[in-house]
Amino acid sequence: MLNDFLTFINKENLFSTNHKILLAVSGGMDSVVMCELFHQAKLDFAIAHCNFGLRGDESNDDELFVKKLSIKYKVPFFVTTFQTAEFAENEKLSTQMAARILRYDWFEKIRKDNNFDFVATAHHQNDVLETILLNLTKGTGIAGLHGIRIKNNQIIRPIWFAEKEMIFDFVVENQLIWREDSSNESNKYQRNLIRNEVVPLLKQINPNLEQTILHTVGKVKAAEEIFEQEIELLRSQTIWSGNGAYYVNFKAIQTLSSPVIKLEELLKPFHFNYTQAQEIFEAFDKEAGKIFHSPTHTLVKDRTELVITERDLQEFSSLLVNKEQTSVAVAQIEINIEHSDLPEGFQIPTTKKIACLDADLLKFPLQLRKYKEGDWFCPLGMNKKKLISDFLTDLKIPLNLKKQVYVLTSNGSVVWIIGHRIDNRFKVTEKTVKICKMELK
């Protein structure tokens with residue numbers, strides 16, 4: 001199997017020997033085999049494990065087993081625990097879909113933070129078959145007919161070529177130990193029902209079902225490549241990013257043929273489904289402000305565009321900023337802090353990313369938090385109060401971007417609407433002796 005593994009990697013150009021690969025390892029047979037293959041091939045890899053907290057002590061034992069695997073192979077180990085059931089209930093998702101969203105978002109974060117080139121999962125031919133049947137049963141577009149891709153951006157499937165029997169033979173040959181997930185026997189999970197009940201029936205009709213499906217996958221992929229070229233061109237023409245959000249020009253989409261299908265494809269990276277794409281399309285000609293939620297993102301239909309932002313799966317409350325700190329960071333915000341005497345001839349920068357404040361008027365610790373309804377301040381240049389919500393409305397900031405606005409407060413008073421404007425009461429004047437300069441990076 002090792003030769004087949006290396007041949008497959010070269011044939012599909014999955015990665016090269018100088019790449020760092022993060023292996024997603026559950027502790028089951030498939031991922032244990034993938035680890036052993038990477039080890040035997042002397043490739044540079046680390047192990048990542050998700051504890052979904054769905055099987056009590058069994059989930060914790062899986063985590064311990066995978067940690068021991070990392071020790072055996074002398075490779076880095078990354079682990080996290082999710083409140084999967086709670087997330088699934090809150091987002092009205094199946095447990096398996098919730099787990100999928102949580103793990104892939106976490107894998108990508110670990111990959112970026114630790115400079116891995118790819119994340120490898122242990123999907124194989126039988127998984128491809130099960131995925132296609134599941135997609136057909138629930139309804140799918142062209143992408144659902146190819147099942148699991150060999151390579152999808154930074155996600156790779158290096159044992160995609162293997163059938164389950166080949167994997168089992170490799171386990172026996174190399175005397176590998178793995179953890180058996182008891183939930184694999186339960187037909188309450190849709191994939192298990194397909195695997196345990198549907199596939200055996202279909203193989204009575206076609207004993208070579210896996211190979212037949214793979215031939216079909218090849219044909220579908222060819223058609224999909226043509227479709228994807230059109231979608232990528234459309235994506236480059238209609239979507240752009242900035243200020244922590246993505247923007248979609250929906251006016252351009254309205255003029256397209258089959259606009260809902262194409263809108264669905266554009267919104268897939270943000271986990272919106274076909275039904276939501278229909279509802280969003282129908283909102284194009286309605287008033288601005290309509291809000292839609294996916295498990296990971298919020299979309300607001302604004303005046304001329306759709307505005308998409310990430311949702312806070314764990315809501316940020318506040319952060320204290322002490323006088324000694326030289327920087328502070330939260331979410332997508334990073335602020336450098338500098339205290340000094342007011343230089344002679346000092347010119348206040350005009351950029352909104354810098355706040356120059358009279359240090360003697362500040363009472364530390366300051367508080368960094370999201371703005372909330374009812375917050376007010378005195379905008380620079382004015383001596384009267386203004387609700388921050390009204391100020392943001394005047395700037396025509398969409399609703400979901402308003403929710404990402406942070407403020408810095410001193411003793412309860414707003415000092416700076418970060419990235420927008422300071423409060424007039426804390427500005428630098430001719431009486432200022434010391435300044436506190438804050439720069440948004």
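This is a predicted model, so every value here is computed, not measured.
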For V307 versus P398, what's the shortest heavy-atom pair and its separation? CG2-CG, 3.6 Å
Looking at S410 and V415, would you say the former's side chain and the latter's main chain have a donor-acceptor pair under 3.5 Å? no
Is the backbone of L440 close enough, under 3.5 Å, to the side chain of K353 for a donor and an acceptor to pair up by distance? no
Looking at E108 and R111, is any side-chain nitrogen of the basic one under 4.0 Å from a carboxylate oxygen of the acidic one? yes
Audit row: K402, T393, side-chain hydrogen bond (donor to acceptor under 3.5 Å, both in side chains) steps and yes/no: CA-CA 9 Å; K402 286 182 180 179; T393 298; 2.7 Å; yes
Parallel, tilted or perpendicular, judged at 30° and 60°: which one describes the rings of W240 and Y247? parallel
Closest non-hydrogen atom pair, I261 against Y274: CD1-CE1, 3.7 Å
CZ (F15) with more than 12 external heavy atoms under 6.0 Å: yes
Taking side chain as C-beta onward, heavy atoms only, is E12 less than 4.5 Å from W160? no
Okay, side chain of K67, backbone of H49: is any donor-acceptor separation there less than 3.5 Å? no
Answer whether the closest heavy-atom distance between the side chains of I335 and Y406 falls below 4.5 Å. no
Report yes or no: is the cationic atom of K164 (NZ for Lys, CZ for Arg) under 6.0 Å from the centre of the six-membered ring of F168, at an angle within 45° of the ring normal? no
F391 side chain reached by D375 side chain, heavy atoms, under 4.5 Å: no
Should the pair F118 and H19 be assigned to parallel (<30°), tilted (30 to 60°) or perpendicular (>60°) ring geometry? perpendicular
Taking atom types as modelled and ignoring hydrogens, do the side chains of D62 and N51 form a donor-acceptor contact shorter than 3.5 angstrom? no
Only one of I47, V33, L43 forms a side-chain contact (heavy atoms from CB on, under 4.5 Å) with F38, so which one is it? L43
Hey, mind stepping through H339 and K323 against side-chain contact (heavy atoms from CB on, under 4.5 Å) and telling me if it holds? CA-CA 9 Å; H339 295 270; K323 191 172 184 178; 4.1 Å; yes
Side chain of Q154, backbone of D117: donor and acceptor closer than 3.5 Å? yes
If we only count heavy atoms from C-beta on, is the R191 to T131 side-chain gap below 4.5 Å? yes
Minimal heavy-atom distance between I21 and A120, with the atoms involved, is CG2-CB, 3.8 Å
Minimal non-hydrogen separation, A283 against K290, with atom names: CB-CG, 4.3 Å
Any side-chain donor-acceptor pair under 3.5 Å between E282 and Q278? no
Any donor-acceptor pair under 3.5 Å linking the side chain of S294 with the backbone of F270? yes
Sub-4.5 Å side-chain heavy-atom contact between P295 and L93: yes
Do R303 and K396 have side chains that approach each other closer than 4.5 Å (heavy atoms only, starting at C-beta)? yes
Relative to each other, are the rings of F116 and F78 parallel, tilted or perpendicular (30° and 60° limits)? perpendicular
Please examine the side chains of D302 and L401, heavy atoms only from C-beta on, and report whether any two atoms are closer than 4.5 Å. no
Using a strict threshold of under 4.0 Å (side-chain N to carboxylate O), is an ion pair present between E210 and K203? yes
Non-hydrogen side-chain atoms of F161 and F5 separated by less than 4.5 Å: yes
Out of K138, R195, Q96, which one pairs with Q190 under the side chain to side chain donor-acceptor pair (under 3.5 Å) rule? K138
Is a donor on one side and an acceptor on the other found under 3.5 Å between the side chain of Q367 and the backbone of L320? no
With respect to I194, which candidate in L133, L202, I132 satisfies the side-chain contact (heavy atoms from CB on, under 4.5 Å) definition? L133
Counting N and O atoms only, with roles assigned by atom type, does the side chain of N10 sit under 3.5 Å from a partner on the main chain of T7, one being a donor and the other an acceptor? no
Could you tell me whether K262 and E230 make a salt bridge, using a distance below 4.0 angstrom between a side-chain N and a carboxylate O? yes
A98 and A88: which non-hydrogen atoms are nearest, and at how many Å? CB-CB, 3.6 Å
Test item: Q276 side-chain N/O and N273 main-chain N/O as donor-acceptor pair under 3.5 Å: yes
Heavy-atom closest pair (H293 atom, F272 atom, distance to 0.1 Å) is C-CE2, 3.7 Å
Keeping the roles fixed (side chain from K286, backbone from K301), state whether a donor-acceptor pair exists under 3.5 Å. no
I'd like to know if the side chain of T351 and the backbone of I354 have a donor-acceptor N/O pair within less than 3.5 Å. no
